[in-house]
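Since we're looking at a predicted model, the values are computed, not measured. Both ligands and their constituent atoms are indexed starting at 1 by order of listing. What's counted below: heavy atoms across the whole structure, side chains too, no hydrogens, waters or symmetry copies.
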Amino acid sequence: MYINDLPENFLLPNISEPLVAWYRKHARPLPWRKGCNAYHTWVSEIMLQQTRVEAVIPYYNRFLQHLPTIEALANADLEQLNKLWQGLGYYSRVRNMQKAAQQVVTLYNGVLPADYNLLLTLPGIGPYTAGAIASIAYGQKAPAVDGNVMRVLSRLFCLEDDIALPATKKGFTKLTWALQSETAPGDFTQGIMELGACICIPNGAPKCAQCPLQSFCTAFAQDCALTLPVKSAAQKKRQEHKTLLFCIAQGKLCLQKRPDKGLLAGLWQPVLLDGNFSKEDVLGYVTKLGGTPKTIAALKPTKHIFTHIVWDMEAYAVTLPSPLSIENACWITPRQIADSYPVPSAFKAALTQALPFWQTDV
Ligand code: SF4
């Protein structure tokens, strides 16, 4: 059955009561679940869109320690923001959060509006985040539908809609509005997310014996939970070949700032060249810049997967007698990179290999 096949007069089961009761008893004690603070909900939900709960906790704690209020986020230095986000990926999300924080300070006295539709007008806040903030922090009836929720609902009603399609999300959003608790919308939202994360899990068999919704579940009754949800294969990612040069001189490493727009905007990188360069190509390139390498060492190739692109990267550590003049670049010590230069995780594996060359070059 598909979501549009549900008849208008379809009598929805009352899942909210057992779900909310289960959530109140079994919720994991996560730092963003202490009290109801819209800013905390916002930060955690944006971080959780890209990383597992366990990995998010230290990032979340550090972010709030440095930027405890929306005003602090609005006024933060971009380098500091990028540094706090380093390792989470999708840096445009934190830049959008700052733009939204600036609007919240200007328009709403530094308090996120308690209104689903107003939340949607802020940069980087889509239906999922708006629904999470409105319901969890403000106790309003508003849907927050992510992959977890679509999986639970697909199984509960045996729905075969392809959850990779945007239209499917719209259908599930409508269904969630109808199912949501009138009296405890926040615990309903968190409960269904928690159920998807801990019981009605994505990989492997769902733990139906522990599920508070088992008596309502069509997939359980028909023994077809493992075939749901339906999700079409993601489009093939574009593959690009790159070469990284870790240019090192007098104990300093050359980092270049990326352009302010586009992929990894405003972050720092080693010298990044398009295509696969051999050692001879690297020598030719550095010589053209006016440098005379002392050594050129090939590092192990690395790979980084973005949403739509895969970078296959050759890498070299190039030691030089003195720093070269390279556009948008600065030469930094190991201490400086740790303190203030956000290097994206795309370059981390290669950087780790280049470290010994850098630390021993004095
Ligand atoms: Fe998921 Fe099983 Fe619960 Fe159905 S009974 S919602 S399949 S965990």
Check: With side chains defined as the heavy atoms from C-beta onward, is the minimum distance between His26 and Glu194 less than 4.5 Å?
Finding: no
When distances are taken from atom 2 (Fe) of ligand 1, the protein heavy atom at minimum range is Cys208 SG, 2.3 Å
closest protein heavy atom to atom 3 (Fe) of ligand 1 is Cys211 SG, 2.4 Å
request  = Give a yes or no on whether a salt bridge exists between Glu79 and Lys257, defined as a side-chain N under 4.0 angstrom from a carboxylate O.
outcome  = yes
Under 4.0 Å from one or more heavy atoms of Pro206, ligand 1 contributes atoms 8 (S)
Item to complete: For residues Val111 and Ile70, determine if any side-chain heavy atom of one lies less than 4.5 Å from a side-chain heavy atom of the other.
Response: no
Notebook entry, point to check: Hey, does the side chain of Lys237 reach the backbone of Phe306 with a donor-acceptor pair shorter than 3.5 angstrom?
Noted result: yes
among protein heavy atoms, the one nearest atom 1 (Fe) of ligand 1 is Cys200 SG, 2.4 Å
* To do: Please examine the side chains of Leu244 and Glu314, heavy atoms only from C-beta on, and report whether any two atoms are closer than 4.5 Å.
  => no
Counting from 1 in the order shown, the ligand 1 atoms closer than 4.0 Å to a non-hydrogen atom of Ala225 are 7 (S)
Requested in this report: Flag the pair Leu253 / Phe357 as yes when at least one side-chain heavy-atom distance between them is below 4.5 Å, and no otherwise.
Outcome: no
One finds that the ligand 1 atoms under 4.0 Å from a non-hydrogen atom of Gln214 are 5 (S)
Requested in this report: Would you check if atom 1 (Fe) of ligand 1 lies under 2.8 Å from any N, O or S atom of Cys217?
Outcome: no
